[in-house]
4 protein chains.
Amino acid sequence: MTYEVKSLNEECGLFGIWGHPDASKVTYFGLHSLQHRGQEGAGIVANDKGKLQGHRDTGLLSEVFKAPEDLEKLTGSAAIGHVRYATAGEASISNVQPFLYRFTNEQFGLCHNGNLTNALTLKKKLEDQGAIFNASSDTEILMHLIRRSHNTEFLGKVKEALNAVKGGFAYLLMTEDKMIAALDPNGFRPLSIGKMKNGSWVVSSETCAFEVVGAEWVRDIKPGEMVIIDDSGIHYDSYTTDTQLAICSMEYVYFARPDSTIHGVNVHTARKNMGKRLAQEFKHEADIVVGVPNSSLSAAMGFAEESGLPNEMGLIKNQYTQRTFIQPTQELREQGVRMKLSAVSSVVKGKRVVMVDDSIVRGTTSRRIVQLLREAGAKEVHVAIGSPELKYPCFYGIDIQTRRELISANHTVDEVCDIIGADSLTYLSLEGMIEAIGIDTDAPNGGLCVAYFDGNFPTPLYDYEEPYLKSLKEKTSFYLEK
Amino acid sequence: MTYEVKSLNEECGLFGIWGHPDASKVTYFGLHSLQHRGQEGAGIVANDKGKLQGHRDTGLLSEVFKAPEDLEKLTGSAAIGHVRYATAGEASISNVQPFLYRFTNEQFGLCHNGNLTNALTLKKKLEDQGAIFNASSDTEILMHLIRRSHNTEFLGKVKEALNAVKGGFAYLLMTEDKMIAALDPNGFRPLSIGKMKNGSWVVSSETCAFEVVGAEWVRDIKPGEMVIIDDSGIHYDSYTTDTQLAICSMEYVYFARPDSTIHGVNVHTARKNMGKRLAQEFKHEADIVVGVPNSSLSAAMGFAEESGLPNEMGLIKNQYTQRTFIQPTQELREQGVRMKLSAVSSVVKGKRVVMVDDSIVRGTTSRRIVQLLREAGAKEVHVAIGSPELKYPCFYGIDIQTRRELISANHTVDEVCDIIGADSLTYLSLEGMIEAIGIDTDAPNGGLCVAYFDGNFPTPLYDYEEPYLKSLKEKTSFYLEK
Amino acid sequence: MTYEVKSLNEECGLFGIWGHPDASKVTYFGLHSLQHRGQEGAGIVANDKGKLQGHRDTGLLSEVFKAPEDLEKLTGSAAIGHVRYATAGEASISNVQPFLYRFTNEQFGLCHNGNLTNALTLKKKLEDQGAIFNASSDTEILMHLIRRSHNTEFLGKVKEALNAVKGGFAYLLMTEDKMIAALDPNGFRPLSIGKMKNGSWVVSSETCAFEVVGAEWVRDIKPGEMVIIDDSGIHYDSYTTDTQLAICSMEYVYFARPDSTIHGVNVHTARKNMGKRLAQEFKHEADIVVGVPNSSLSAAMGFAEESGLPNEMGLIKNQYTQRTFIQPTQELREQGVRMKLSAVSSVVKGKRVVMVDDSIVRGTTSRRIVQLLREAGAKEVHVAIGSPELKYPCFYGIDIQTRRELISANHTVDEVCDIIGADSLTYLSLEGMIEAIGIDTDAPNGGLCVAYFDGNFPTPLYDYEEPYLKSLKEKTSFYLEK
Amino acid sequence: MTYEVKSLNEECGLFGIWGHPDASKVTYFGLHSLQHRGQEGAGIVANDKGKLQGHRDTGLLSEVFKAPEDLEKLTGSAAIGHVRYATAGEASISNVQPFLYRFTNEQFGLCHNGNLTNALTLKKKLEDQGAIFNASSDTEILMHLIRRSHNTEFLGKVKEALNAVKGGFAYLLMTEDKMIAALDPNGFRPLSIGKMKNGSWVVSSETCAFEVVGAEWVRDIKPGEMVIIDDSGIHYDSYTTDTQLAICSMEYVYFARPDSTIHGVNVHTARKNMGKRLAQEFKHEADIVVGVPNSSLSAAMGFAEESGLPNEMGLIKNQYTQRTFIQPTQELREQGVRMKLSAVSSVVKGKRVVMVDDSIVRGTTSRRIVQLLREAGAKEVHVAIGSPELKYPCFYGIDIQTRRELISANHTVDEVCDIIGADSLTYLSLEGMIEAIGIDTDAPNGGLCVAYFDGNFPTPLYDYEEPYLKSLKEKTSFYLEK
């Protein structure tokens, strides 16, 4: 069978807590603040003195935990939770995490954010040894590796398994008497530790959850680390020393919440800085700055501040975005009927607008917004993008479409400008982005993974190597047999 | 029986269209953009060559029209729709509009935004004459008055009925062969006319719906006007000449969408101007400006621009605000667990913050946000409010709480500053607000109703007069027998 | 506008209670046992010391009262409830009963089982006087008549209204301090009074509810009676003396539950007697008796007992009859795929079967069952029907299809036998049916309404007169302008 | 951990089809007729030219397949389906079948009816070898055994696995190119083969599904058989010759649908014969026979026919048994308020009643029904049970409660009679039951498993042996560590 690569990639959110009487409820609120990382499934596994119980389903957190009982049954003082982003699919509930494993003699909860690059090889090998996989995601692999390890110590088994999996991963593992958090050797995904006023330890994909649950940030988990939390406290261990920080730059550009801080850099501030730097690199005359809501508002603030141009609300996003089966027909769309975004004539009419956005993937959205602004009377529309050209796919956990769908993999800046119908198009330079984010000036790329922009992947690609190289030659999308 | 005044007041959204093959679908999209005006009920009545059919229910628009059939059954080339804001109550679906009246010889659809001040008197009188009211809202009164009018012409009946009702109202009436829109003599509520590319006429509470359905604004309906739309076109008529524009100032301050334009003034621009003027009136030193999301972002932009202070994203609202039964317990709340809003430490830490908000009603929200900012490390919190002190209730359709619940009806500015825990508290002056909005410099209060701020109601209060005067003496809330 | 007659006719169930701390809960259980009388809507209005509250919706009782709160909010010691049978229609919740009327100075709950024959005339007249009808059913008419009566006493108003409406009706009216039950002058519909162990009075359409709520039967309400129940006890009054019992014979034949007793005759026993009498009138040789489940099992028992033939379970009805959107396609149906009823080959193979059913309306069901039995191997199928030929429509509350759809209005017994593919077809004679039910040998037709069989309606037909007479000439269905 | 034995036992229904363009739709209708075998979960796996897809969820079939798409997406010409009976539990959807296994190189659908007696031992052993179980049911074990078999032929692997599992089982296995049905060496559970008019092969737990889908019965699957169906036709094979038919007698007594035929004996006829034989063994005088609806109606027919007493409808079951959250409180229950069953006074008053039921488990239901009949006026109530005393649990797939809950495991017939308040109590003798069912006079117990009645289990009990023997000594319930 053949699947498109994109269905393998996924972004998710993790939250865990140890030592709180309302562990599952706190986890619910923590996950609520991570909902932007995944809207297609959610779940919690709670630990009540060694007895694990779980609840999970497809949908938003508020749909998964509909009735008070759904949460109240998850008693105990420790819990892990997950929100999942994934293409909807058959039997999809099987893929919703955390997974709850009940062996005759022990129990585990497990969840995962990231994408393994050697999943296929490992899965085939394990199946040949009799393993049965229940879900189609990569996550189960770790559990099979742990259970099959011949190491005599449990932590040794986990370390052995963590060394076998490759790619991008942040794991949260709940055992009967401890919680383990682990990060891949490049720290592609964010994962932080916090502490609540009552002494509970919390782990979260983003620090925004700490503000929400009233926890204080302690420190970020480092590449290659394995953190063990139990009743005796927190223990920092590592399963490898061969590490090199390469945190996903798209977390800063688009994905993370602006109030999160990753490796010491606040996301809103990083975006504002990218906006400032973009204003410096921008070469055109204009009257007003309009950010595309909501992800580009910080960059627009920075652009406006640096350029001295007024920052205006020229685009409005409808805040009621519930799923609806009612959609405009093609005919209505041609008449101008639209639901999500509208341009404000009285703001943009007759103006030379700098439209600030975070990135361009396929170009269709940008083209639509440029057109909206023009229809609303904008005299000129100059598109300014807070990141470099997106040219390469991601193999570490972000669902960046195949190269075929990346407009910049196939077109020059001038061509893209033309396609989206803008008067000019300016991308932030790679150096500009690295400096604007500014985590660590000593590390390669300032500690960032920027492979989407320059194609230099910080790790071998394993199962993806061959099809990826082939795709480069074909200048088109590529597939991976799975 | 005794009801609190607040349950009488309501804000709603109206949308109507005449002459479009997908009338009910366009109405759906129009209402979608008016959803912020009412989230507790929605409905549409469509007119298929004189045959009226309706669908309505409690909940958001997307919940009311769940299945494609719900909308597809509403065939025809004309439709009116309504979104309703109201306290939930028993048999609440009875109150959801538009109402559909089926007489032996004719049919009507009717919906309404506003509040009548003589509803009680009219209702009692009609009941004494044998009338049966089905719903508890004021809306039905108009239909009873029309049906009982002895005028021989239909439009004469409607005019007679419109002259009998007092207070704030915008009506949309669908008959078998025409659509009628009418506004009260003070134009308390907004109501505009637009035209689609295919020639269809549309009527909407706010112009934001025009951008969404691809219509162009034609003009706003004037106080005392009655607009008749049928297959022969549009006809402007009026049922009274005793008119005086007094559009609700809270529409600009808080209620309307920033991309709407009311009486020639864009709401975002009005808010930005209020922010600028507020910056001029503001007397304190500060480092950054932080707007309370989402309604105060425009005012914060204006404040920042005028003051030269940087505009920062120091408060983040969770965009996933689906209804949930899971709420923090009191204990969790004390531990700092919260769901909707969080302050960004890395932005506000050590800073003197100007927190810009649109208004203060009870003061509880302001106190909570000030506390959030302090916990996140703000050195000082200066609260700046984009409108004057809210001291009086509204009788024309906005659900402003009873005086008992209005903090400024009972406390001085200094006391309020103390209660909300701010370092300083600045309200925009009444003159400042009137000039910043700036509709019409010749009209009293610049064409605005500012009774919430100064207690000078532009009309007699009828049924509310006596209890209101009594409440002023008691310095507490007041009730109206209904 | 033109509606088919059938949409006017409806059968429903009523239940009321006065003087019980759990009044609405007892009403729920009472209605549960009346669910067979109406599955398309249900509701309860409870009276808590003069304050009336209601809950109603479309669907089965268990769907209408989904959450415990739905019932718990209906506090008070008195309640009336309704289950509704009706063709689904637009805005159908408006027609679900009981209706709750809230006037400025008083409140009422009202529900109704039956069909008025002068509804159209009354409605037009009331509308001409300014009345507004909210629902399309007949029920509201009574409330308009009561409110408009010039009688000075409340009970006088009710009597005046009851004398104005014509046709078949059983009403339950809840006021702030009493409950009133009333029956039409022919007693077309059943309505009985019971008493619970704690002294509470209960009123129910069928006595089966008494067994379910632990009440003892006291007596049936008589034609033309109006029974008033309040804290002082029960009072029997009447609004007319011009009465003549003509209880609907179809209640015994098909509609009522077998454990109910109407006018002293148990329904199961009546059906068993009809089966016995049918066996006497039956002229053919056969091996086994097979009743069509579930309504004809009693008649089959009687037929078997009288004839000496074994009673066998040759037809099985699937007990899981939840609504489902999945239905066999035409192709599957031709392959023999069916969901609701199956014939048991091992029981009927090679046998001469007497298939006992209660009635034949259109003939399509009978033809299908005969075919099922033949496919399962029955050697002969003799159809025996426990009632006479159905030739005329009903105007008093039972949804008997238009004459066009009544197979016996258009075909002889031999033709029908041919159409349904039976070896023989035997109907119970009219005399046989009257004697088998045996309520009252002195009254015309033994106290039964048998107009469906002989076309002799016991009352004038008012609004239906003209279209009905016209339909008789045309030998086809007929319509009534409404 | 410790679980009660009862949670291991379950009864289910299987249906499979090969070679039909609407395979999943036919499976839906087949399962619909098997709904009585399991109401807590349902699912279908369809095979579209080697590609397997599934849909499953908790609830009734009509709840699991709510939307047409749920079924339409299951394209292909072969399918297997399952309805599940089980105690509700956490993560229960994981246990809903059929399971769909997707390996890198092949796919399987698997479902199961029965209970393995060596599941615990096998599971522990497999886990020690690294196996991960996803569900808590026994079913997965077979898949692990197949995948780990060293046999080189696929059918050899399946045979090896079938020889390893012990107890009661009927399996349906869908591979990419065939469907396999297998039965345990005692044939504890029924499983039959049918053929549709278009040549499709169907497999079903009960033959009632054949009538519903228009298939003709071909033959029952024999103990130890493994039937392979593929495009080339049907192939009967066997994995063991050490077989002895011992079909569960409770299938005839209570579980199966009356229109099913198992091993040549129609279930209704078997029940009627049990009723006749019971009448012969019955020693008391009585006036009427009343069957407890619905399962005992056949036995009551037989009893009445044999005894010459009239068969009456003295007990009525409410046909609207939708799940409801509204239940009578204890107080209401004492007042006589009940929902499901009522006795008909006018039928039983003053009569000596023979109340015919199929079995007595805990005795609580019987006591309640006896009381209902007495309250309705029955002079005497003689209870006659269509099977012997239930004294022992079942380990082969029927959820018979622990011995502690079996009234006859702890009390004599006289004691039970006393407890349920009957005037007399008669059980059918074991010989009587065996002869009345009468499958095969040569086999031990006539080919039936009657261990519930005499404690002679036809197989070793493996994991259950020790706890069962211990429970016998303690005269109480027993538990199995799992």
Side-chain angles (χ1 to χ4, degrees), chain A residues 22 25-26 28-29 32-33 35-36 39 60-63 65-68 71 196-198 208 211-215 257-259 261 266 268-269 272 294 297-298 301 305 310-313 316 318-320 322-326 328-329 331-332 335-339 342-347 376, chain B residues 22 25-26 28-29 32-33 35-36 39 60-63 65-68 71 196-198 208 211-215 257-259 261 266 268-269 272 294 297-298 301 305 310-313 316 318-320 322-326 328-329 331-332 335-339 342-347 376:
Chain A
D22 284 321
K25 206 157 194 183
V26 174
Y28 178 88
F29 296 117
H32 187 71
S33 75
Q35 184 80 81
H36 62 287
Q39 294 94 48
L60 290 172
L61 194 68
S62 57
E63 294 165 340
F65 292 90
K66 263 190 292 253
L71 201 55
M196 289 181 76
K197 285 169 198 156
N198 75 337
C208 63
E211 310 260 1
V212 165
V213 305
R257 245 172 68 156
D259 52 336
T261 292
N266 169 254
H268 157 72
T269 306
K272 202 166 168 186
N294 290 331
L297 297 182
S298 296
M301 281 179 182
E305 242 177 76
N311 185 17
E312 297 288 350
M313 207 176 272
I316 298 282
N318 192 330
Q319 62 175 310
Y320 296 93
Q322 276 72 17
R323 288 164 199 158
T324 167
F325 289 110
I326 318 294
T329 54
E331 210 180 325
L332 287 179
Q335 282 177 37
V337 177
R338 50 203 159 232
M339 288 189 75
S342 38
V344 188
S345 318
S346 52
V347 167
Chain B
D22 283 322
K25 207 157 194 183
V26 174
Y28 179 88
F29 296 119
H32 187 70
S33 76
Q35 184 79 81
H36 62 287
Q39 295 95 47
L60 291 171
L61 195 68
S62 56
E63 295 164 340
F65 293 89
K66 264 189 293 253
L71 201 54
M196 290 182 75
K197 286 168 199 158
N198 75 338
C208 62
E211 309 261 2
V212 165
V213 306
R257 246 173 67 157
D259 51 337
T261 292
N266 169 253
H268 158 71
T269 306
K272 202 167 168 187
N294 288 333
L297 297 182
S298 296
M301 281 181 182
E305 243 178 76
N311 184 17
E312 297 288 349
M313 209 177 271
I316 299 284
N318 193 329
Q319 62 175 308
Y320 295 93
Q322 276 71 18
R323 288 164 198 159
T324 166
F325 289 109
I326 317 293
T329 54
E331 212 179 325
L332 286 179
Q335 282 177 39
V337 177
R338 52 203 156 230
M339 289 189 74
S342 39
V344 189
S345 316
S346 53
V347 167

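Each chain gets a letter, A, B and so on, in the order the sequences are listed, and its residues count up from 1. These values consider heavy atoms only, across backbone and side chains, with no hydrogens, waters or symmetry-generated copies.
- At a 4.5 Å heavy-atom cutoff, the contact between B:Met196 and chain A is made by side-chain atoms alone.
- B:Pro258 places a side-chain heavy atom less than 4.5 Å from the side chain of A:Ile316.
- Atoms CD and CD, from A:Gln39 and A:Glu63 in turn, are 10.5 Å apart once rounded to the nearest 0.5 Å.
- Among B:Val212, B:Asn266, B:Asn311, the residue with the largest count of heavy-atom pairs under 4.5 Å with chain A is B:Val212.
- The two residues B:Pro310 and A:Glu305 come nearest to each other via the heavy atoms CB-OE2, 3.5 Å.
- Taken to the nearest 0.5 Å, the CG atom of A:Leu297 stands 10.5 Å off from the NE2 atom of A:His268.
- With a threshold of 4.5 angstrom between heavy atoms, B:Met313 approaches chain A through its backbone and through its side chain.
- Residue contact with chain A, scored on non-hydrogen atoms closer than 4.5 Å, involves the side chain of B:Val347 exclusively.
- Heavy-atom distances place no part of B:Ala215 under 4.5 Å from chain A, backbone and side chain included.
- Residues B:Leu332 and A:Phe29 come closest through the heavy atom pair CD1-CE1, 4.0 Å.
- Contacts between B:Gln335 and chain A at a heavy-atom distance below 4.5 Å involve backbone atoms as well as side-chain atoms.
- In terms of heavy-atom pairs under 4.5 angstrom with chain A, the leader among B:Gly336, B:Ser345, B:Ala67, B:Ser33 is B:Gly336.
- In plain terms, the two heavy atoms of A:Glu211 and B:Arg338 that are nearest each other are O-NH2, 3.1 Å.
- Between chain A and the options B:Pro328, B:Pro68, B:Ser342, B:Ala376, the largest number of non-hydrogen pairs under 4.5 Å is found for B:Pro328.
- The part of B:Lys66 that comes within reach of chain A is its backbone (N, CA, C, O), which places non-hydrogen atoms under 4.5 angstrom from that chain.
- The part of B:Asp22 that comes within reach of chain A is its side chain, from C-beta onward, which places non-hydrogen atoms under 4.5 angstrom from that chain.
- Note: B:Val213 leads B:Val26, B:Asn198, B:Val213 in heavy-atom pairs under 4.5 Å with chain A.
- For the pair A:Tyr28 and A:Leu61, the tightest heavy-atom approach, listed with the atom from each and the gap, is O-CD2, 3.3 Å.
- Contacts between B:Ser298 and chain A at a heavy-atom distance below 4.5 Å involve backbone atoms as well as side-chain atoms.
- In this structure, CD on A:Gln35 lies 8.0 Å from CG on B:Asn318, to the nearest 0.5 angstrom.
- Looking at A:Val337 and A:Glu331, their side chains never come closer than 4.5 Å, going by heavy atoms from C-beta outward.
- Heavy-atom pairs under 4.5 Å with chain A were tallied for B:Met339, B:Arg257, B:Lys197; the largest tally goes to B:Met339.
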